[in-house]
Amino acid sequence: SGNNWGYGKDNGPSLWHKQYPTAKGNRQSPIDIIPQQLSQDPGLGPVVLNYDQCTSINISNNGHSVVVEFDDSDDRSVIRGGPLDNPYRLKQFHFHWGGKGCHGSEHTVAGNSYASELHLVHWNAVKYKTYGEAAAAPDGLAVLGIFLETGDDHRWLHAITDALYMVKFKGSITDFKGFNPKCLLPSSLHYWTYLGSLTTPPLHESVTWIILKEPITVSERQLGKFRMLLSTGEEEDQRIRMENNFRPPQPLKGRKVRSSV
Ligand SMILES: NS(=O)(=O)c1c(F)c(F)c(SCCO)c(F)c1N[C@H]1CCc2ccccc21
């Protein structure tokens with residue numbers, strides 16, 4: 001069936017093109033960002049995040065990642081400015097991470113990867129009626145990427161890591177109200193931006209990527225809790241840990257990566 005893709009050796013990223021030919025498209029993500037090869041674009045203004053009225057609803061395990069969803073029935077939580085022509089509404093955020101002590105980010109910087117990467121997914125509700133429609137449109141999504149490096153405990157990530165035991169199995173979902181992702185932002189909103197795609201099937205080429213240059217710091221202990229998540233359901237005999245759920249960098253194919261000043 002269409003959704004048996006994964007990150008294993010017999011269903012992983014190198015095989016996705018068989019079911020999802022877009023995998024070999026001209027604007028695939030993630031990519032390796034090479035700072036010294038970038039054009040600084042003075043026309044690129046700052047990104048603005050209005051997360052003050054942000055309201056999370058639930059947290060779930062869909063077998064590929066752990067996802068926190070938001071109420072996107074109005075423009076209460078939006079990202080705008082920078083490369084974006086419209087405000088985009090926050091819909092969900094999810095993470096990508098590695099195995100014990102190894103790397104797990106999707107985007108890399110001059111060939112270096114981070115321990116994990118947080119994606120805040122926003123959709124263009126000005127131009128499209130639904131999130132699903134936007135997810136398939138070339139200017140439908142804006143994903144804010146934040147690198148996670150290991151060091152001290154992150155004082156606010158506990159709210160998420162303490163909830164992970166409730167969504168251990170694929171298909172589990174639980175209430176997760178009142179979490180504001182503003183607390184996960186680094187101090188600087190300087191960014192790189194380029195046109196790319198979803199990094200999971202169906203790999204739609206619908207994402208304006210905005211990757212923050214400054215990583216946030218989380219502890220090995222906090223990251224370890226993500227690795228206790230399972231990509232298998234409670235009813236399955238096999239128990240497969242959810243780790244290394246990242247797609248490797250894809251060909252740039254002549255795309256321009258711009259840098260905020
Ligand atoms: N990095 S990403 O933004 O591509 C992404 C992921 F990497 C994910 F792991 C997930 S959860 C597992 C797939 O449903 C995403 F939802 C999304 N994004 C959403 C964004 C909308 C959409 C539609 C279909 C599949 C995934 C997605």
Side-chain angles (χ1 to χ4, degrees), residues 1-23 29-30 55-72 90-106 115-121 123 130-132 135-136 141 143 148 157-179 181 184 197-204 207 218 220-248:
S1 76
N3 50 5
N4 59 359
W5 64 270
Y7 295 94
K9 65 182 179 341
D10 47 12
N11 66 357
S14 58
L15 301 170
W16 293 351
H17 69 94
K18 293 183 185 175
Q19 191 107 37
Y20 305 95
T22 314
S29 293
T55 37
S56 63
I57 300 170
N58 61 48
I59 186 167
S60 65
N61 172 341
N62 61 22
H64 307 295
S65 184
V66 58
V67 187
V68 173
E69 286 198 299
F70 292 84
D71 172 0
D72 60 347
L90 178 64
K91 170 69 181 168
Q92 55 108 303
F93 68 71
H94 61 269
F95 296 83
H96 300 266
W97 59 90
K100 181 114 193 62
C102 86
H103 301 301
S105 65
E106 298 210 296
S116 172
E117 189 171 330
L118 162 61
H119 288 157
L120 292 128
V121 180
W123 63 284
T130 66
Y131 170 61
L141 299 180
V143 182
L148 279 64
L157 192 69
H158 285 296
I160 294 173
T161 52
D162 289 350
L164 296 181
Y165 78 95
M166 291 191 275
V167 287
K168 187 179 174 69
F169 294 101
K170 172 183 177 182
S172 48
I173 182 166
T174 189
D175 273 2
F176 190 70
K177 293 194 178 357
F179 182 80
L184 298 178
S197 72
L198 298 178
T199 64
T200 61
L203 299 168
H204 292 320
V207 182
V218 305
E220 203 36 67
R221 208 166 54 84
Q222 288 175 312
L223 263 191
K225 293 191 175 173
F226 284 91
R227 297 189 194 105
M228 284 169 11
L229 293 167
L230 299 177
S231 55
T232 44
E234 192 163 8
E235 72 296 338
E236 293 179 60
D237 308 344
Q238 257 193 320
R239 292 203 159 193
I240 301 172
R241 279 175 180 264
M242 190 187 289
E243 53 187 22
N244 299 307
N245 58 346
F246 60 92
R247 189 190 193 191

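Because only heavy atoms are used, hydrogens play no part in the values below, and waters and symmetry mates are left out as well, while side chains stay in.
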J.: Taking all heavy atoms of Leu223 and all of Ser116, pick out the closest pair and write down the distance.
T.: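 Closest approach of Leu223 to Ser116, heavy atoms only: CD2-CB, 3.9 Å.
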
J.: Carefully, step by step, assess Asp162 and Lys225 under the rule side-chain contact (heavy atoms from CB on, under 4.5 Å).
T.: CA-CA 8 Å; Asp162 289 350; Lys225 293 191 175 173; 3.8 Å; yes

J.: Between the side chain of Asn61 and the main-chain N/O of Val167, is any donor-acceptor distance below 3.5 Å?
T.: yes

J.: Side chains of Met242 and Tyr7: does their closest heavy-atom pair fall under 4.5 Å?
T.: no

J.: Check whether any side-chain heavy atom of Thr55 sits under 4.5 Å from a side-chain heavy atom of Phe179, and report yes or no.
T.: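 Sidechains of Phe179 and Thr55: no contact.
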
J.: Could you tell me if the side chain of Asp237 sits less than 4.5 Å from the side chain of Thr232, heavy atoms only?
T.: no

J.: Does a donor on one side chain sit under 3.5 Å from an acceptor on the other, for His96 and Glu117?
T.: no

J.: Hey, does the side chain of Glu236 reach the backbone of Gly233 with a donor-acceptor pair shorter than 3.5 angstrom?
T.: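 Yes, because the side chain of Glu236 sits within donor-acceptor range (under 3.5 Å) of the backbone of Gly233.
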
J.: side-chain contact (heavy atoms from CB on, under 4.5 Å) for Val67 and Val121? Distances and angles first, verdict last.
T.: CA-CA 10 Å; Val67 187; Val121 180; over 6 Å; no

J.: Show the numbers, then the answer: is there a side-chain contact (heavy atoms from CB on, under 4.5 Å) between Val66 and Ile59?
T.: CA-CA 7 Å; Val66 58; Ile59 186 167; 3.7 Å; yes

J.: Would you compute the distance between atom CD of Gln19 and atom CG of Asn11 and round it to the nearest 0.5 angstrom?
T.: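 One finds 11.0 Å between CD of Gln19 and CG of Asn11.
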
J.: Specify the closest pair of heavy atoms between Leu203 and Leu198, including all atoms of both residues, with the distance to one decimal.
T.: CD2-O, 3.5 Å

J.: With a 3.5 Å distance limit and no angle check, can you tell me whether Trp16 reaches the backbone of Gly6 through a side-chain donor-acceptor pair?
T.: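 Judged by distance alone, yes, a pair lies under 3.5 Å.
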
J.: Roughly how far, to the nearest 0.5 Å, is CD1 of Ile57 from CZ of Phe70?
T.: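 Answer rounded to 0.5 Å: 8.5 Å.
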
J.: Which value, rounded to the nearest 0.5 Å, describes the distance between Ser231 atom OG and Gln238 atom CD?
T.: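 The distance works out to 9.0 Å.
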
J.: Give the minimum heavy-atom separation between Phe246 and His103, together with the two atoms involved.
T.: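 The pair with the smallest heavy-atom distance is CE2-O, 3.5 Å.
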
J.: Say whether Thr161 and Gln222, considering side chains only, have a donor N or O and an acceptor N or O under 3.5 Å apart.
T.: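 No, because no side-chain N or O of Thr161 sits under 3.5 Å from a partner of the opposite role on Gln222.
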
J.: Just wondering, more than 12 heavy atoms not from Lys100 lying within 6.0 Å of its NZ?
T.: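 No.
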
J.: Residues two or more places apart in sequence or in another chain: which of them pass ring pair (Phe, Tyr, Trp, His ring centres under 6.0 Å) with Phe95?
T.: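 So Phe95 forms a ring pair (Phe, Tyr, Trp, His ring centres under 6.0 Å) with Phe93, Phe226.
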
J.: Decide whether Trp97 and Asn245 meet the rule of one side-chain donor and one side-chain acceptor closer than 3.5 Å.
T.: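 No, Asn245 and Trp97 have no side-chain donor paired with an acceptor closer than 3.5 Å.
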
J.: Kindly compute the distance separating CZ (Arg221) from CG (Leu157), expressed to the nearest 0.5 Å.
T.: 11.0 Å

J.: Considering only NZ, NE, NH1 and NH2 on the basic side and carboxylate oxygens on the acidic side, decide whether Glu220 and Arg227 come within less than 4.0 Å.
T.: yes

J.: Rounded to the nearest 0.5 Å, what separation is found between the CD atom of Gln92 and the NE2 atom of His119?
T.: 10.0 Å

J.: Run Leu120 and Leu90 through side-chain contact (heavy atoms from CB on, under 4.5 Å) and show every step you take.
T.: CA-CA 7 Å; Leu120 292 128; Leu90 178 64; 4.2 Å; yes

J.: Taking side chain as C-beta onward, heavy atoms only, is Arg247 less than 4.5 Å from Ser197?
T.: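 In contact.
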
J.: With heavy-atom distances below 4.5 Å as the criterion, would you say the side chains of Leu164 and Leu229 are in contact?
T.: yes

J.: Where is the tightest heavy-atom contact between Gly178 and Ser56, given as atom of each residue plus distance?
T.: N-OG, 3.2 Å

J.: At their closest point, which heavy atom of His17 faces which heavy atom of Ser14, and how far apart are they?
T.: CD2-O, 3.2 Å

J.: Hey, what do you get for CH2 (Trp5) to CG (Leu15), rounding to the nearest 0.5 Å?
T.: 13.0 Å

